[in-house]
Structure formats: C-alpha cells, structure tokens
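Written out below as structure tokens is the structure these notes cover.
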Amino acid sequence: MIPFVVDLEDERAIELELVGGKGVNLAILYQQKFCVPNAFIITTHVYESILNNPEIKNALSTIDNLNIDNIAELENISNHIKTIICNITLPNDIIDLIFKYYDKLSQGANNTNLHVAVRSSATAEDLPENSFAGQQDTYLHVTKESLIEKIQECWASLFTARAISYRKKSNINYKIIQLAVIIQEMISSEVSGVAFTANPITGFRNEVIIDSTYGLGEALVSGLITPDHYEILTENNEIRRKIIGEKSLRIIGKKNGGIETLITNDNERELEALSDKYIIQLSKLVKEIEKIYNHQPQDIEWCFMKENFYILQVRPITTLFPIPPYAFNQSGLRCMISFGTIQGFLEPITPFGESTVRTLLGHFLRKVGINRNTTTEDDISSNPLQHKIFKSSRNRLWIDITGILTSPIRSIFSLSMIDTGMDKIINHIKYSKSFPIKSMFKTYIYLMLFIIPLIFRSIRNFIFPRYGKKLYMDQMNKYHEFIDRGFKDEYNQNFTNCVQHFQRILSILPLRLMHYGASCVVPAIISLKILQKLSKNPMDALALTRAVESNPTTEMNLILWKITILIRENDHILKLFQNESTINLVKMYKEKLFEKNIQFEIEEFFHIYGCRGIGEIDIGRKRWSDEPQIILEQIKNYLKILNPIDKIHEQSKQSAYEALTRIENHLKWSFIQRPLINLLFNRLKILFSLRESPKFHGIIQTFGKCRKELLSKAQLAVNEKFILHSDDICFLYIDELQLLAYDTDHKQYTKRNYWKNLIEQRQIEYKQQMSCKRIPLILMSDGTTYYDASTIPDDNKDRVELMEGEFLGSPVSPGIYEGKVRIVNDPINSELQSGEILVCTATDPAWTTLFPIAGALVLEMGGMLQHGAIVSREYGLPAVVGVSNAKNIFHNGQFIQVNGSNGRIKILSD
C-alpha cells in the first residue's frame, strides 16, 4: 500500500518517487544520525490524487502549447493553475492524517504550538542531473492553523512562471514530476547559511565555501544581505580567505507565526556571525555529509542554535563539471585538455566515436614509446578505469597531459598553434609548481627511436618535397586498397569479420600517418616558423600560406563551386534550386532526376566528400552522404554569391606573392636571404597543404568507409531483433560492439533486451549532454576548471591598451574588414549573408562551405593551425581567434571592424 505520509525514519522515506529529491536527502542524513530537524513528508501520492481533479487537469493541459517567451501568457496560465490548486478542498481523511503527524511532531519537540517549515520536494529536483534550486517555494514559521493552506501553496508553486519556464527550457515534462511536501520542525536559528563542499566557481574539490548570517537563512538565499564569506582548505582545515559582510538585516520568526525583518545594529555588523572554531567544525561536518553521497559535491543549507549545527537541506552542485575517474594505478594531480577544443567541436561524442578516437591515438602513442603499459583492449574498453590518457567526462574526450607536465621537455611544450587560450593556461600551470619534474629515461629512449627517423625523413622531404608528397599519397592509396579489400564479401562474411577488419584498420592507420604524413608536415611548419623570423612583419609570412597547393578542404569548395556554375548555366535546374524546397531537391537527387552532367558531378562530390559532416571526427555522427540536404542547401547559398569562389582563390594566391615581395623588400642581406626565402616559400607551398590531408585522406575517409560497412552489417543485428536501428551501434564502445557482433552471429537471443536497454540508456545520456554548452579548455583532477584564459595573470610586458569598445584576440589571418556580425551556432542553419562577419565558438571542416560567404572570421577558441585559421588564410579572410565569450560580446547586425593583422576587434555601431 502506498502511504500518504511518512516519517524521516520510515524505510520508505528514501524512495525518490514517494518523497522527492529533497525528502530523500533529508531522510538519508536523518537515518545516518546527522543532526537534521525532525520532519514528516506528505508523499507524492497525495499530490497525484489532487491533480486528478478534472478542473486542474484541464488547466494543466494549457502548458503543452505554451510559448514561454510570451511573458504575459506565461503569467496568466501560471496564476490560473495556482489559483485552482490553492482553492481545492482536500479530503477530510487527508487533513486528519496531516494533523495527526503534526501533533506527533509537536509532542517530540515538547511544544504544542510548534512552528514548522513547509518545503517542496519534487521527484526531479535535488538530483545529480538537476538541482532545480529555488524553483518551488518554502514557507517558514508556519503554524498549525495555516498548515493546510501552505501545503496547497507549496503544491501550486510547482507551477510558478519561473518553474514552468525552467522545465520547458530543460525539456522536462511536468507530467513526469511528482511533488511531495516536507513538514519540518522549525529551528529558531541564531546563525544560518549555506556551505558548498567544493568551490562552485573554480570547481576546486579540496575547498569548502561557507556563507553565514544572523537569524534565518532567508535573507542570505534571497540576496538581501552581504554575508560573512569563508574559503577553507580541507587538506589542513585552514581558513584561506575570510570576508566579513555587513549583514545589515536579519530575518527571525514571530511568536504567532510568520517571519519579520529586523535591522542589525552597527556593532554586530562588524562581527563574525560565527567564530573560526565553528567555521572549521562546520567545514568538517559538510565534508562528512559529502562522503554519504559518494563524494559528490553538495550545496548544504544549515543553521546554528545553542552551539549545535542543524542540516536543513542538501542538494548536489550540478554546475560543476564532472571529473574523469583515475585509471588503475593512477594517483596525484592530473591535468587534462579538451580534445573537442583541439578539433573545434564541442558537442558530445558518441561511445563508438570515443573508443575509435582513443584506439587510434592509443596506437600512435604506443608507437612513439608513450603509454607503453596500455593495450588495445584498454582503448576499446567501456570501463573508464582502463583509460589512462584519453578519458571521458560528459561524453567528451579529455587528453591527460600530466606525463608531459612532469617531464623535462615541458619547457618546449606549446599549444599556441592550436589554441592560444589553452596555451596560456598550460603555461600558467607549468610554472605553478603543481607538477614536479620526474625522470622518464625509458620513455625518452623510445621517443628518440621515433624522432630520429622522423628527422631524417623530414630532411629528405625538405630537400625533395614533391617526392615526399608523392610517397605519402602513394602510401595512402595502398592503405585504402587494404581497407576496400578487407570489406569485400569473401573476407567480410559476417558481423564479427567486419568488426575485426575495422580494428585492423585502426591499428595500421597511425603508423602510415606517422611515417609518411608527419615527415611532410614537419618541414612545412618549420619553414613557416623560419619565414616568420626572417620577415619584418610575421603576418606577411602567414599570408604566404595562401599560396599552398591542393588543400583537400579548399578543393572541396572549388568542386562545389563548379557544380554551382553548372546549375547557373542550366535554366531548368537553376529554377528548381531557386523555387523547390531542399527536401524536394534531395528526393530528385536520390531518384536521379537532375540532368546527367549535373547529377554526375553531385554524385562524384558525395563519392569523394560524402564522408564529411558536422563533428566528423566522431565516427558515430551522420555524414553528408547520410544528409545530402546539407550540401544541396549550401549550393542554394552559393547561387547567391556574386564574387566567384575561384576568383577569390586566385586573389588570395596573388596576395601571397604580394606578401613575398614585401618580405623580400625588407631583407637586410638580400643577396643571401632572398634564395633562402624562396626556398622556404617553395617548400611551404608544396607541403603545407598536407597539414589537412592526414585527417581527411587518412581519418575521415577511413571513418566514412568503415561506418558504411559497419552499419550495413549492423542490419543483421536489427533483423535478429538485438537492436532497433543499425546506427544504434554508435552508442556502444568497440568492446561492446565485438560482443554484439558475436551475439548476432551466434544468435544469442537471450541478450536482446540487454542490448536494447543499454543503448536506450546511452541515447538518453547523450541527448542530455547535448544541452551542455559550456565546456572547459582545461580540467584538473582536483576539480579546478579553466573555461578560458581570462582568469590567468597577464605577465606580458607588451600588453596592448584597448580603447572603449575594443576587444583583443590572436591574429591568425591578416587584413582589415568592416561588416555586420552574424552569430552562428550551427553551420546548417547559419543564416549567414554574403559579406557578414562570422562569429562562432570554433569550426571544423563541416563549416568550410560558409567561408566563401563570410567577410571575416571571429572565433572564441583556436590558434594558428586551427581549421578556421587555415581556411581563412586561404580565402584571404581577416581572422581573429581566442576572443573569449565573443558570441555574448557581439550581437547580430552589429557593425564591427576585424583586424586580422593585430588581433583587434572594434565595435563601430550597434
């Protein structure tokens, strides 16, 4: 039988669906003998019976089609629902039961006129995923006479305008939320406050933050006063920082019920509400509470009376970024950098994509002598304790670089070419003495066995660049022949064979790229570095990269432009693209209804580039071949471009030769330096384009082929009813994919429900993580998070003074451009107009088709070798990266100037 009311000591008081998140937390602590004011809980069963009232049901139905951006409509619906709930008459047996428990509570407190707190406890609040802090109302110093009224108001508070809006924005249906009500003995607090068992700003886990004030905590949580503030290091229980707030008001309970606000006298304002002795005692207490919740950081409301602390509420701090767990045999402070930032892709990665990237990089590190004590089984495993270097948190990959930071070579380690903000943070960490240098003699020996041959191959390719480039491309062709051969029917008879070949491919690819790709890219980068040193203006040297040959990303755009020209020249097809919806165009393309030459060119484009897509580094993500509407929509946009893209390329190349002339004109020893400049420029032109090639010809084309074959074989698992859809395999790690393939091939039908349930759970988690938009650049194992470099002290003596309305980033593509801002979150739905300045977080190759449309580029993240920087230079677009919070600083339609030569961005007008 489901109870209507339970005590805190009741064994059912820890059932979430019965008492809600807050009720569960209080019952757990009460049953663990922590000092929690006694209480009883009116269960969700009562709330559910109330909502079955026809009038309430009818009122709640209006929420489904509610537009929360319409404030007036939101308020009206909210007030209507609350009024109905507050005016309903509760059954007498429910009222009698509530008063029975109230009387029992009064007897236990030896107070016949006991004041209580009435607190909401929803089934979807105070949980690790959502705290819902402050979404429902709490009533303090409630008397018996007004108890039923406040309970109904508490139920009604689930439908305040802010609560409805919060749930709608979080995609949480009100129908799945049940509300319990806690009736808790009121403590006449001398001092109250909040305590965080980790720093909610920095994420640092070894610190307790305490705010305290006189009287009830209502003044503090409502923001009416400035409390005393303490920061306590838990390792040695030391108060690291203390700020005495003025505590100008205090809220206390009235004898007849309710609360009143008093002015704090001047003497008390200057005193601490609690002595250091009690602050340390409280710090230890809240850390003990944290242990109950498996060391999950908690936000705790407390009060103090007669030298005793009482715990009033406990909820998880949901704003902290989760720390990846230590792997087996790991300890000490670890430093992890965001793989997504390096790739310019911050959305979650699928489990299949995660384990694929981990396996590729794992093979690479073992080849160069790093991470030698790991195996392929560790890389493909779904067990996070086996992931030593490439870890996961919130479905994002993190690279543990602790080994680099503790090695003597850390002084030359730099990320400036990848992301300037990340590099600044790493430099700060390197010199913070958090990572003492350790001896890594064996690792150096293995590393040298990789580096020495790389040096000789790089020298050879510098001397004979076209030979090096041809050798690389020949090896990539042989590699792709190996892929295709393994997927032929005679070698690929079942699902298991397909997965095994996929794993062989992942083991071979890193070696090919290391031996033949790296030795082409290294001399190109060194040439660029020397050119920058020899140039009077380093940005001129950077402009030389606009003359590089055969970059796969820009070649892709030129092919797409060629298709656009063919369509322009064909009146019939042109009218189709101008008048038909993209959906209809996709249907026509699939049914081969375009004229032969245009149909052939589009098919050829997808044959070569259909393996690309948004977040293409994740093999679990859809490709353009899966979503041809993306490319057909882009062709529509290209048809609006007046300045031909091939002409833009020619102009960009011409600007490179103009930059070369400027460099030569400023040489001190022209006779000696000019031949060197031309030699380096020649090597840069030939080899620098290969910087993009290993990713495209190596990784992305491999992913395209493997994904296609694996999804085809996964259809066997669909047919045998192990999974619902072939792309469900994207939510499995490779070791799990092996087992699914085995179960499918051997018809282990008892495992059907296991696979379906596992995949469903992973899909829900993945969808939840899509809403996480703020991803740290750097994550420390003590919880410290660095979202940008703005908090890092600037030791640069040449700091630039900025005028009002000016912002500074890192220049990566020279030139000055003035135009309107366009904030873009998604390249598919960009709405970017010709000549507008593209402002976004970061880019990957799926964004490339937007570059011919844009006038300039501003990125929140990135460095010299980030995708957006490279493509901007090739298109001659001024570009500035590393502009923290740029999407919030600027807004659509704003007129700004972007200076890609010095990194300045200036607001000209709103």
Side-chain angles (χ1 to χ4, degrees), residues 197-199 201-208 231-238 240 283-284 287 290-291 294-297 317 320-339 341-342 358 361-362 365-366 368-375 378-379 381 383-394 396-415 422-447 776-787 791-792:
T197 63
N199 190 313
I201 306 300
T202 66
F204 186 40
R205 301 301 201 264
N206 298 328
E207 191 171 47
V208 169
E231 298 173 9
I232 304 99
L233 295 174
T234 57
E235 290 180 343
N236 54 10
N237 292 311
E238 173 193 349
R240 185 180 70 84
S283 174
K284 292 178 180 178
K287 273 297 185 181
E290 185 186 64
K291 290 178 184 177
N294 196 28
H295 298 279
Q296 166 80 24
I317 307 174
L320 298 181
F321 204 89
I323 306 169
Y326 284 103
F328 290 122
N329 300 321
Q330 278 188 337
S331 60
L333 186 63
R334 318 294 301 181
C335 177
M336 294 155 281
I337 61 175
S338 165
F339 175 77
T341 297
I342 295 171
R358 183 183 293 111
L361 297 179
L365 291 184
R366 284 189 289 276
V368 302
I370 299 172
N371 210 27
R372 298 187 314 280
N373 59 345
T374 65
T375 64
D378 294 323
D379 297 332
S381 174
N383 182 0
L385 300 182
Q386 292 182 242
H387 306 155
K388 293 197 172 183
I389 300 291
F390 305 102
K391 303 172 181 288
S392 178
S393 176
R394 282 203 167 160
R396 274 89 175 173
L397 265 177
W398 300 86
I399 306 174
D400 190 331
I401 61 167
T402 308
I404 295 175
L405 297 181
T406 55
S407 72
I409 65 169
R410 71 179 185 182
S411 58
I412 62 172
F413 176 68
S414 173
L415 292 168
M422 188 182 284
D423 186 62
K424 185 176 180 180
I425 298 166
I426 290 297
N427 284 333
H428 171 72
I429 293 171
K430 279 195 292 189
Y431 299 110
S432 66
K433 299 181 180 179
S434 298
F435 294 95
I437 293 177
K438 299 176 183 177
S439 174
M440 303 177 70
F441 182 71
K442 287 185 179 180
T443 298
Y444 292 149
I445 292 176
Y446 282 100
L447 200 56
L777 298 176
I778 309 286
L779 187 59
M780 309 292 285
S781 60
D782 64 8
T784 304
T785 49
Y786 297 93
Y787 287 94
T791 58
I792 305 300

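Numbers for residues simply follow the sequence, beginning at 1.
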[X]: what forms a side chain to side chain donor-acceptor pair (under 3.5 Å) with it, not counting sequence neighbours?
| X | answer |
| --- | --- |
| Thr234 | none |
| Ser434 | Ser432 |
| Asp378 | Thr375, Gln386 |
| Tyr326 | Ser781 |

- Item | With Leu415 via side-chain contact (heavy atoms from CB on, under 4.5 Å) - residues at least two apart | Ile337, Phe413, Ile418, Met422, Asp423, Ile426

- Task: Go through the structure and list residues passing side-chain contact (heavy atoms from CB on, under 4.5 Å) with Ile389, not counting sequence neighbours.
- Result: Leu365, Asn371, Ile399

When you measure from the side chain of [X] to the backbone of [Y], do you find a donor-acceptor pair of N or O atoms at a distance under 3.5 Å?
| X | Y | answer |
| --- | --- | --- |
| Asn199 | Ile201 | yes |
| Thr785 | Thr202 | yes |
| Ser393 | Pro322 | yes |

[X]: partners by salt bridge (charged side-chain N to carboxylate O under 4.0 Å, His left out), with sequence neighbours left out:
| X | answer |
| --- | --- |
| Arg396 | none |
| Glu231 | Arg240, Arg241 |
| Lys388 | none |
| Lys430 | none |

- Check whether any side-chain heavy atom of Met336 lies under 4.5 Å from a side-chain heavy atom of Pro324, and answer yes or no. yes

Locate the shortest heavy-atom distance separating [X] from [Y]; write the atom from each residue and the value.
| X | Y | value |
| --- | --- | --- |
| Gly783 | Arg205 | CA-NH1, 3.4 Å |
| Pro297 | Thr197 | CA-OG1, 3.2 Å |
| Ile778 | Cys335 | CG2-SG, 3.8 Å |
| Ile232 | Ser283 | CG2-OG, 3.7 Å |
| Pro325 | Leu385 | CB-CD2, 4.2 Å |
| Met780 | Leu333 | CE-CD2, 3.9 Å |

Gap between atom [atom2] of [Y] and atom [atom1] of [X] - 0.5 Å precision:
| X | Y | atom1 | atom2 | answer |
| --- | --- | --- | --- | --- |
| Ile404 | Arg410 | CD1 | CZ | 12.0 Å |
| Asn236 | Asn206 | CG | CG | 10.0 Å |
| Glu290 | His295 | CD | NE2 | 7.0 Å |
| His428 | Tyr786 | NE2 | OH | 4.5 Å |
| Leu779 | Asp782 | CG | CG | 9.0 Å |

- Could you check Leu233 against Phe204 for side chain to side chain contact (heavy atoms under 4.5 Å, CB included), going step by step and ending with a plain yes or no? CA-CA 10 Å; Leu233 295 174; Phe204 186 40; 3.9 Å; yes

- Item | Of all pairs that satisfy salt bridge (Lys or Arg N to Asp or Glu O under 4.0 Å), the ones with a partner from residues 323-337, not counting sequence neighbours | Arg334-Asp400

- Full working for side-chain hydrogen bond (donor to acceptor under 3.5 Å, both in side chains) between Ser381 and Asn383: CA-CA 5 Å; Ser381 174; Asn383 182 0; 5.2 Å; no

- Task: Mind running side chain to side chain contact (heavy atoms under 4.5 Å, CB included) on Thr374 and Arg358 for me, showing each step along the way?
- Result: CA-CA 12 Å; Thr374 65; Arg358 183 183 293 111; over 6 Å; no

- Query: Can you list the residues that meet the ring-ring contact (aromatic ring centres under 6.0 Å, His included) rule with Phe321, with sequence neighbours excluded?
  - Reply: Trp398

